[in-house]
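Notes for the one structure printed next.
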Amino acid sequence: MIDVLQMIYDNYRGEDRETLLKAYRYAEAAHAGQKRASGEAYFIHPCAVAQILIELGLDSATVAAAFLHDVIEDTPATEEDIRSHFGEEILALVAGVTKLDKIVFKSREEEEAENFRKIFVAMAKDIRVIIIKLADRLHNMRSLNYLSKERQVKMAQETLDIYTPLAGRLGISQIKCELEDLCLKYLEPEAYEFLVENIHQKLYERHNFVDFVVKEIKSILDESKIEGEVFGRPKHFYSIYKKMKTQNKTLDQIYDLTAVRVIVGTVDECYEVLGKIHKRWKPIPGRIKDYIATPKANMYQSLHTTVVTNFGQAFEIQIRTFEMHRIAEFGIAAHWKYKEKKSEDSAFTERLSWIREVLDWEGGLKDSKDFMQSLKTELYSNELLVFTPKGKVISLPKDATPIDFAYAIHSEIGNRCTGARVNSKMVPLNSVLHTGDVVEIITSSNSKGPSWDWLKIVKSSSARAKIKQFFKREMKEENVKLGKSMLEEEAKRRGYRLSEILTEESFAKVSEKFSFFSQDEMFASVGYGAITVNQVLFKLIDFYKREIPKQPLVHQGNTSDSSGVIVKGMSGLLTRFAGCCNPVPGDDIVGFVSRGRGVVIHRSDCPNIKDLEAEEGRILPAEWADSATGGRFIAGIVIKAKDQGVALSVLTSVVSDMRLVITSVNSRFDKSKDAVIEANIRLNGKDDIDLLLKKIRSDERIDEVFRTATK
């Protein structure tokens with residue numbers, strides 16, 4: 001505690017110092033008499049958190065909030081007390097940290113997902129809240145040995161899952177590395193002890209070698225008249241442990257236990273030193289990484305190379321400027337530690353942009369699993385760096401597509417995307433991008449917007465959320481109608497009426513799972529593909545069967561005495577239309593006598609009829625009655641095109657223009673990687689199917705379109 005007071009006097013002046021001393025005294029009095037699990041005075045904890053933040057160079061308001069971060073939750077002090085003594089800014093920081101620990105959850109999965117949600121909301125309001133929380137977690141992990149084994153493992157796993165990737169994404173490597181090593185200590189204690197004992201021994205053995213490398217590089221700087229620093233730094237245990245696991249190597253096979261760092265004044269000097277090091281020692285191909293030209297998502301910059309000495313020993317060298325080194329060590333905290341550098345303001349804003357992106361798409365993910373998976377994609381994915389035609393670097397997740405790239409540029413670019421060139425060649429929109437690709441997006445002002453099928457193609461959570469937002473915003477009314485129609489059709493196919501199974505009580509059950517505010521929101525979600533028909537329908541039917549037991553309804557699947565079909569000269573028979581070929585008025589048809597289901601009407605050219613013709617007496621002649629003209633029928637079609645998005649866009653555009661309804665759609669790729677779209681369309685009249693096929697066929701981007709079951 002004396003140490004933290006000395007640090008306050010050493011690092012702060014005037015009003016800032018007075019605020020911190022006041023916060024120190026207030027927290028000391030509030031926590032008087034309280035003990036930690038170790039038996040020590042509780043006040044040691046807020047002092048340790050404040051000390052970590054002072055070392056990171058945070059401003060006085062953040063450090064004051066660190067002293068006070070537990071007083072609202074653990075002492076009689078109220079928010080009004082903090083406001084009156086310290087003002088709104090410090091209260092907001094204290095309240096932000098307090099709220100992160102308050103909610104109780106139903107399951108571990110939900111707890112993990114909700115922790116992420118709360119953290120991101122807090123970060124968007126003020127990034128300093130999460131920096132305080134990281135310092136709080138670091139000190140708790142340092143003193144974890146006083147807790148039970150069960151609590152140690154639970155806290156260490158949560159730290160590894162949530163806090164270490166956040167520290168990494170914010171670029172605060174000091175906290176990230178120490179947290180990872182502490183997590184390893186409690187999650188894999190035997191591996192940790194092995195590494196502690198053996199790495200220290202190996203480092204001692206390698207001491208002379210590292211001294212030799214440092215001396216050689218210093219001579220290169222002297223010869224080039226470049227001022228700088230050169231030193232060896234042992235890699236932290238967790239990074240070595242991960243390398244041993246992922247590469248299946250023993251500790252003896254890991255050579256780069258120490259990274260040699262070279263810190264110089266300018267970017268030009270970085271490249272000059274790299275060239276001269278490569279002239280002296282042979283670089284290992286594939287191990288040269290230029291994070292200066294293409295910084296990491298957390299704005300980390302450095303040149304990395306692994307070289308081999310003349311006597312065969314490999315080692316890693318990192319070359320960076322002093323400013324890059326500060327950012328590498330302190331990350332987002334460097335904004336406060338070196339705030340006299342005005343040029344850093346734009347970089348600071350850029351570092352925070354990903355947090356706001358997460359919040360943009362977070363609202364569209366109702367399910368904890370979806371949210372967790374999407375966020376882990378953002379935090380843990382291997383980074384893919386591609387370029388715009390003008391040379392701007394765009395960071396994307398592994399296996400990203402041109403659609404991901406388009407949405408990373410701007411939402412409108414993504415919404416109007418109709419094609420892409422990669423390295424000057426036209427490619428399908430589902431192509432996988434690779435690091436170094438130059439990507440150009442082709443847009444059209446006439447584009448109707450993204451395709452539902454893009455949701456299956458994109459890899460980045462932000463692109464997926466922007467596509468869903470488009471459907472929500474631009475096509476709400478159409479989505480409601482389409483979603484309701486799809487549910488009605490599928491319910492009818494299963495022998496139910498949607499109006500019977502969708503009640504206030506059953507909707508409440510569906511809403512528990514998906515958090516819908518209204519039935520229209522549920523219909524729209526089905527319509528734009530955020531959830532499937534079956535996800536909703538299974539819950540409705542399950543509730544109906546359990547809560548409202550009654551005699552099963554008569555199957556409604558296109559069966560009635562007014563079907564508009566005459567079978568063997570008779571009308572009024574129980575008939576239904578075959579789903580394999582979906583006959584519509586004007587098609588040549590036959591009837592097949594099924595057991596217990598009346599007469600099933602097929603198109604006469606349906607391939608399935610050929611399999612049934614051997615069953616004597618069960619194939620009956622059939623024809624359309626005059627009453628069929630105005631009825632509504634389902635027609636199945638198949639569309640083939642080079643590009644999946646184009647095919648879906650043409651289909652939805654033509655169907656919308658003709659005021660028809662898509663009752664189901666399925667998209668896949670054939671062996672040639674061409675897109676194949678299979679759709680069922682509800683027609684308004686018998687002439688619709690021919691006109692529909694003609695309109696789709698007229699688009700030059702469509703290779704082929706035909707009715708289901710024929711070519």
Steps toward salt bridge (Lys or Arg N to Asp or Glu O under 4.0 Å) verdict (E704, R697): CA-CA 7 Å; E704 194 176 1; R697 199 174 285 123; over 6 Å; no
Student check: side-chain heavy atoms of L433 and T401 closer than 4.5 Å: no
Test log, rule side-chain contact (heavy atoms from CB on, under 4.5 Å), inputs I292 and Y271: CA-CA 10 Å; I292 293 179; Y271 288 105; 3.7 Å; yes
Contacts of type salt bridge (Lys or Arg N to Asp or Glu O under 4.0 Å), residue D699, not counting sequence neighbours: R701
Donor-acceptor under 3.5 Å (T652 side chain, L648 main chain): yes
Separation of E489 CD from L487 CG (nearest 0.5 Å): 10.5 Å
Beyond-backbone contact of I409 with I394, side-chain heavy atoms, under 4.5 angstrom: yes
Check: T294 side chain, D290 main-chain N or O, donor-acceptor pair, under 3.5 Å: yes
Electrostatic pair R668:E678 at N-O distance under 4.0 angstrom: yes
Euclidean distance, K466 NZ relative to I413 CD1, rounded to 0.5 Å: 11.0 Å
Short N-O contact, K492 and E488, less than 4.0 angstrom: no
Nearest heavy-atom neighbours spanning H278 and I288: CE1-CD1, 3.6 Å
From CZ (F523) to OG (S518), nearest 0.5 Å: 9.0 Å
From CG (L498) to CE (M486), nearest 0.5 Å: 12.5 Å
Polar side-chain atom of H602 near backbone of S604 as donor-acceptor pair, under 3.5 Å: no
Side-chain touch S173/Y300, heavy atoms, less than 4.5 angstrom: no
Heavy-atom check, side chain of I689 versus side chain of L683, under 4.5 Å: yes
Heavy-atom closest contact (L692 atom, V654 atom, distance): CD1-CG1, 3.6 Å
For D688 against M658, the heavy-atom pair lying closest together: O-CE, 3.6 Å
Residues which pass side-chain hydrogen bond (donor to acceptor under 3.5 Å, both in side chains) with D399, listed by chain and number, not counting sequence neighbours: none
Flag side-chain contact, heavy atom, 4.5 Å: R320 against L303: no
Set of side-chain hydrogen bond (donor to acceptor under 3.5 Å, both in side chains) partners for D674, sequence neighbours left out: none
Distance-only donor-acceptor check, side chains S460 and D404, under 3.5 Å: yes
side-chain contact (heavy atoms from CB on, under 4.5 Å) between V439 and F387, intermediate numbers included: CA-CA 6 Å; V439 186; F387 297 88; over 6 Å; no
Shortest non-hydrogen contact from V422 toward V427: CG2-CG2, 3.6 Å
Value rounded to 0.5 Å, distance of CG in N534 from CG in L540: 11.0 Å
Steps toward side-chain contact (heavy atoms from CB on, under 4.5 Å) verdict (D588, D605): CA-CA 8 Å; D588 291 332; D605 58 0; over 6 Å; no
Contact summary for V438 and P389, nearest pair of heavy atoms: CG1-CA, 3.9 Å
For E440, all residues meeting salt bridge (Lys or Arg N to Asp or Glu O under 4.0 Å), sequence neighbours excluded: R421
Residues R416 and T443: side-chain donor-acceptor under 3.5 angstrom: no
Smallest separation among heavy atoms of T418 and V646, with atom names: O-CG2, 4.0 Å
Residues D657, S653; criterion side-chain contact (heavy atoms from CB on, under 4.5 Å); working and verdict: CA-CA 6 Å; D657 289 344; S653 176; 3.9 Å; yes
Which residues share a salt bridge (Lys or Arg N to Asp or Glu O under 4.0 Å) with E272, sequence neighbours left out: K276
Check: T532 main-chain N/O paired with Q535 side-chain donor or acceptor under 3.5 Å: yes
Any donor-acceptor N/O pair, R707 side chain to A635 backbone, under 3.5 Å: no
H434 side, atom NE2; N423 side, atom CG - distance, nearest 0.5 Å: 10.5 Å
D703: partners by salt bridge (Lys or Arg N to Asp or Glu O under 4.0 Å), with sequence neighbours left out: K642
Qualifying residue for side-chain contact (heavy atoms from CB on, under 4.5 Å) with I702, from I677, D643, L651, V650: V650
Residue pair L429 / Q644, side-chain heavy-atom distance below 4.5 Å: no
Whether S302 side chain and Y291 backbone form a donor-acceptor pair below 3.5 Å: no
Heavy-atom side-chain contact between K459 and K398 under 4.5 Å: no
Test item: K640 side-chain N/O and A675 main-chain N/O as donor-acceptor pair under 3.5 Å: no
4.5 Å side-chain heavy-atom contact, P402 and I441: yes
